[in-house]
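This one's a predicted model, so the numbers in the text were calculated from it and none came from an experiment.
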Amino acid sequence: MKSGLQSLRLRNMPLRYQLMLLFLLFAIVPSVGLGLLVNWTVERIVERQVEGHTMQLIGKVNEALDSKMENLQNMTYLIAFDPDIRAFMEGKTEFDGHTGAAVSSGDSNQSTDQDQLYGIKQFLQGFTTLYPEIAGIVLVNGNGDYISNEMYPKTNLSLVQEEWYQGASRNAGIFTVLGQPRQRNITTHVRYKDSEIVSVARSITDETSGRVLGVIMIDLKLRTVSQAARDVTLGKSGYVMVTDAEGRSVYMPDNPLVEQIPSAWFPSGDSGIFNAEADGKELLFMYQSSSFTGWRTVGVFPARESIAEVRQIQFYVVSFVFMVCLFGLSASLRFSSSIAQPIFRLMSYMRRAETGNLRSGRWSDRADEIGMLGRSFNRMLAQIRQLMSLNELRERQKRDAEMRSLQEHIKPHFLYNTLDTIHWMAQRKGVDDVSEMVGALSRLFRIGLSKGNDFIPLQSEVEHISSYLQIQQTRYRNRLQCELVIPEELKELFVLKLVLQPIVENAIYHGIKGRRGPGTIRIEAKVQDHKLYLTVQDDGAGMSSERLHEMAQLLGTPLESMETQEAGQGGKSYGMLNVQARLRLSFGEEYGISLNSREGEGTCVTITQPLMKELPQALQFDTEGRRDSQ
């Protein structure tokens, strides 16, 4: 489990995936979060606006219905206050007909006449003419007598036994909205269906006794209700319907989503919102109840359509987030690839270099850090190749030098033994000058061998150059003068073997030999700034400035210059170049030979090497250049 979690760590993933994840984390996640926040906020706002707007529309419908009913209420007041109608209600005037078992009093026939009846009907006709939405008005007194301009009983059953009459009588003097009639014993000349009208009623009472004298019922055409509600649309298929207090439909449009809304569905309160499922559809209901009519105006629409605007905004938000994610994913892929691929390429070049293939890689001309890193890597490979070539050259030259040294050691060793024999033979025979010269030559070879060691004490180097000068003085007699200034405290220091002889040889053959008269060679050793300086100065012919410049260039690249001279392009300074090459190979570029010469005045050659109080590799030599262990 722990290893699995470790494998999921970001740092264990390839760089490309790390960059992609980081980019997605910092670019797409905030966009998704912002989209969700905007979606949630807009959904809440739009839902509140839709609810508020719908409730406002429902309230307007309610107000319109209440206004209609208030007009009908006012009509019932006007009708009730008419003296002829009140006389009819008291049974004192003529009527259109009589229903029921009650027998009308004879006083009515005496106190009313056809003119009064005609006046009442004209009065009622005035209302229907002024308000064409009225389908009919009927007046019924307690005896079952009735007066109407449009309505009449279907049968001879007493109208006072009708439910609407009884209901109005129970609410004495109060205007009552009856709703759509059901199984009523009254019809009209137009023969409206029960579903085409709504009825209101109000009882007329005796002012003194409070007894109900009769009931005024007005039928209102349903189109009056529908006019207020049918033009209201909610969403694509939503509508407004009107129900009575028991949930029975007063008005509903054609093809409604629900035929009847049970009253149990409505929560308590005069207004509210609830969801219910009808015919497999999730519907949203918003309603307001009218305290005047007792009706409920209900807005009905599918729950999905109620948030159509929200869905539209959600679509835009999701589209925006999708585009951001798509763009972010594409950008992250391109961005991670642009960074990871050059790094992978660099890694492959490095692995190839690890196997020894130092061929440079191909890089584009991009100027960013990755491009500079690739070009730096190529330059590093070029430097490594150059250093390896130089090292191979040095190793090859070193092997060649060792081979030459081994070959040259054979002859000097044989010569050294032979000369030593000649030296002792000359001494026995009393030939001193021959003995001294042969002895010097023997020391010269012995110190030159030095058991094959590269470093010898300065005292041995001085003895070696003294033997060489002794031989040269025998040859040139009084033309060569030598002066050695070597402090005693410096003779214990170690120097690179045979660094003075080639310089002194050049001084004799190119300096002293080229001047008139005797010449002097001065050899001096000194220490300065923790370095040992060996100076060979002559007062010979010196060098021209051109030759001095040429020598400086040759000494700058001694190995290449030696190869050139070996190839036959001159060998005047081979010994000096050999010393320079050995000093550079042994101590580095900081050390070596420096020249100072003026034509006709002489040459000064300075050898610089580190101050070595002990042998490198802990080799110990005696004063004659032999190792102590031998």
Exercise for the section: Could you walk me through whether Glu163 and Arg170 pass salt bridge (Lys or Arg N to Asp or Glu O under 4.0 Å), step by step? Expected result: CA-CA 10 Å; Glu163 177 63 25; Arg170 285 193 293 271; 3.4 Å; yes
Is it true that a side-chain atom of [X] and a backbone atom of [Y] form a donor plus acceptor pair closer than 3.5 Å?
{"X": "Asn71", "Y": "Asn74", "value": "no"}
{"X": "Lys68", "Y": "Glu63", "value": "no"}
{"X": "Asp84", "Y": "Ile120", "value": "no"}
{"X": "Asn143", "Y": "Asp145", "value": "no"}
{"X": "Arg352", "Y": "Arg359", "value": "yes"}
{"X": "Asn185", "Y": "Thr155", "value": "yes"}
{"X": "Gln166", "Y": "Val160", "value": "yes"}
{"X": "Ser203", "Y": "Ala168", "value": "yes"}

What pair of heavy atoms forms the shortest contact from [X] to [Y], and how long is it?
{"X": "Leu72", "Y": "Leu220", "result": "CD1-CD2, 3.8 Å"}
{"X": "Leu222", "Y": "Ser195", "result": "CD2-O, 2.9 Å"}
{"X": "Gly173", "Y": "Thr205", "result": "N-CG2, 4.0 Å"}
{"X": "Trp164", "Y": "Val215", "result": "CZ3-CG1, 4.0 Å"}
{"X": "Trp265", "Y": "Glu277", "result": "CH2-O, 4.1 Å"}

Any luck finding a side-chain donor-acceptor pair between [X] and [Y] under 3.5 Å?
{"X": "Gln125", "Y": "Thr128", "answer": "yes"}
{"X": "Ser199", "Y": "Arg184", "answer": "yes"}
{"X": "Asp206", "Y": "Thr208", "answer": "yes"}
{"X": "Ser290", "Y": "Asn62", "answer": "no"}
{"X": "Ser337", "Y": "Arg334", "answer": "no"}
{"X": "Gln161", "Y": "Tyr165", "answer": "no"}

Practice task
Step by step, work out the side chain to side chain contact (heavy atoms under 4.5 Å, CB included) result for Met372 and Arg375.
Solution key: CA-CA 5 Å; Met372 290 188 288; Arg375 287 187 286 276; 3.9 Å; yes
Problem - Verdict with reasoning, Arg379 to Ser376, per side chain to side chain donor-acceptor pair (under 3.5 Å) - result: CA-CA 5 Å; Arg379 287 194 294 271; Ser376 298; 3.1 Å; yes
Exercise for the section: Examine Arg296 relative to Phe266 and say whether NZ or CZ is less than 6.0 Å from the centre of the six-membered ring and inside a 45° cone about the ring axis. Expected result: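 Judged by the rule (NZ or CZ under 6.0 Å from the ring centre, within 45° of its axis), Arg296 counts as positioned above Phe266.
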Exercise for the section: Check the pair Phe292 / Phe175 against side chain to side chain contact (heavy atoms under 4.5 Å, CB included), numbers first and verdict last. Expected result: CA-CA 9 Å; Phe292 182 75; Phe175 180 79; 4.1 Å; yes
Exercise for the section: Would you sort out whether Tyr287 and Met55 count as a side chain to side chain contact (heavy atoms under 4.5 Å, CB included), showing the intermediate values? Expected result: CA-CA 7 Å; Tyr287 71 96; Met55 295 301 287; over 6 Å; no
Practice task
Start with the C-alpha distance between Phe274 and Leu284, add both sets of side-chain angles, then the distance that settles side chain to side chain contact (heavy atoms under 4.5 Å, CB included), and finish with yes or no.
Solution key: CA-CA 6 Å; Phe274 64 92; Leu284 180 62; over 6 Å; no
Handout entry: Aromatic ring pairing Tyr77/Phe81, orientation class (parallel under 30°, perpendicular over 60°, tilted between)
Key =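 Ring orientation of Tyr77 relative to Phe81: parallel.
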